[in-house]
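Encoded as structure tokens, the structure appears first; notes follow it.
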Amino acid sequence: MVRLASVLLSLMIVGSVASPAAADYQIKKDFGGYVEEYKAKYARIRDSGERVIIDGICNSACTLVLGIVPLNKICVTPRASLGFHQAYYDKAWTAGVKVTSAAGTAELMSVYPRGIRAWIASVGGLTADMKKLKNGYDLWMIVDPCPEEF
């Protein structure tokens, strides 16, 4: 009987270690960066099952989260703000000048879900200037607001 209890306890411990509860990943102040780095980071978050809470600024490459992590695993708080612009080359390679990349911009657009692509089209498409999607109806049509506890 003691051995059976010991085996059951071991199985419960192994089960809890093998399948930990998914954590939340919060975005509060992210101004973006290199597209490939964000794609890899969000693929890891997607594969881990984490929920993403956008609770502040998510600009540029940060917005790729919307096309990589399933939208049902993302929510926005009243502080959420998304910023979109054309992709551009690393300024280290362009003598400090912002040079947009048609191929990079096409890649961004291919990752975004339909709702984001439609919103971008409705505001005139991506340009070198940042276009903001702030918390409210337009954003909620694409991403669910977080539950009340947030």
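Values in this document were obtained by computation on a predicted structure and should not be read as measured data.
- For the atom pair CG (Asp55) and CG (Asp30), the distance works out to 13.0 Å, reported to the nearest 0.5 Å.
- Smallest separation of non-hydrogen atoms from Ser60 and His85: OG-NE2, 2.8 Å.
- The two atoms that bring Ala87 and Gly104 nearest to each other are CB-C, 3.4 Å, heavy atoms only.
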What do the steps show when you test Phe31 against Cys62 for side-chain contact (heavy atoms from CB on, under 4.5 Å), and what is the final call? CA-CA 7 Å; Phe31 297 105; Cys62 175; over 6 Å; no
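- Tracing side-chain contacts under 4.5 Å through hydrophobic residues (I, L, V, M, F, W, Y), one reaches Leu64 starting from Leu71; they form part of the same cluster.
- Within the model, atoms SG of Cys146 and CZ of Arg79 stand 9.0 Å from one another, a figure rounded to the nearest 0.5 Å.
- Cluster membership for Ile27 and Tyr112, using ILVMFWY side-chain heavy atoms within less than 4.5 angstrom, is shared.
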Take Thr100 and Tyr89 through the test side-chain contact (heavy atoms from CB on, under 4.5 Å) and record every step on the way to the result. CA-CA 6 Å; Thr100 60; Tyr89 293 99; over 6 Å; no
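- Closest non-hydrogen pair, Cys75 versus Val143, comes out as CA-CG1, 4.0 Å.
- Taking all atoms of both residues into account, the shortest heavy-atom contact from Ala80 to Leu139 is CB-CD2, 4.2 Å.
- Between Lys132 and Gly83, the shortest heavy-atom distance links the atoms CD-CA, 4.2 Å.
- Lys131 pairs with exactly one of Ile120, Leu82, Val123 by the side chain to side chain contact (heavy atoms under 4.5 Å, CB included) rule, that one being Val123.
- Annotation: side chain of Lys41 is not in contact with side chain of Val65 (no heavy-atom distance under 4.5 Å).
- Taking every heavy atom of both residues into account, Glu107 and Val35 meet most closely at OE2-CG1, 4.1 Å.
- Proximity of Asn135 to Trp140: side-chain heavy atoms (C-beta onward) are separated by under 4.5 Å at one or more points.
- Put simply, CG on Leu108 and NZ on Lys39 are 9.0 Å apart, with the number rounded to the nearest 0.5 Å.
- Considering only heavy atoms from C-beta on, Gln86 stays 4.5 Å or farther from Lys98 through its side chain.
- Under the 30°/60° scheme for interplanar angles, the aromatic rings of Trp119 and Phe84 are found to be tilted.
- Between the OG atom in Ser81 and the CD1 atom in Ile54 there is a gap of 10.0 Å [rounded to 0.5 Å].
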Verify side-chain contact (heavy atoms from CB on, under 4.5 Å) between Leu133 and Ile116, making sure each step is shown before the conclusion. CA-CA 10 Å; Leu133 178 55; Ile116 291 295; 4.3 Å; yes
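- Partner of Leu66 under the side chain to side chain contact (heavy atoms under 4.5 Å, CB included) criterion, chosen from Ile142, Ile74, Val111: Ile74.
- A 4.5 Å side-chain heavy-atom check between Val52 and Ile45 finds at least one atom pair inside the cut-off.
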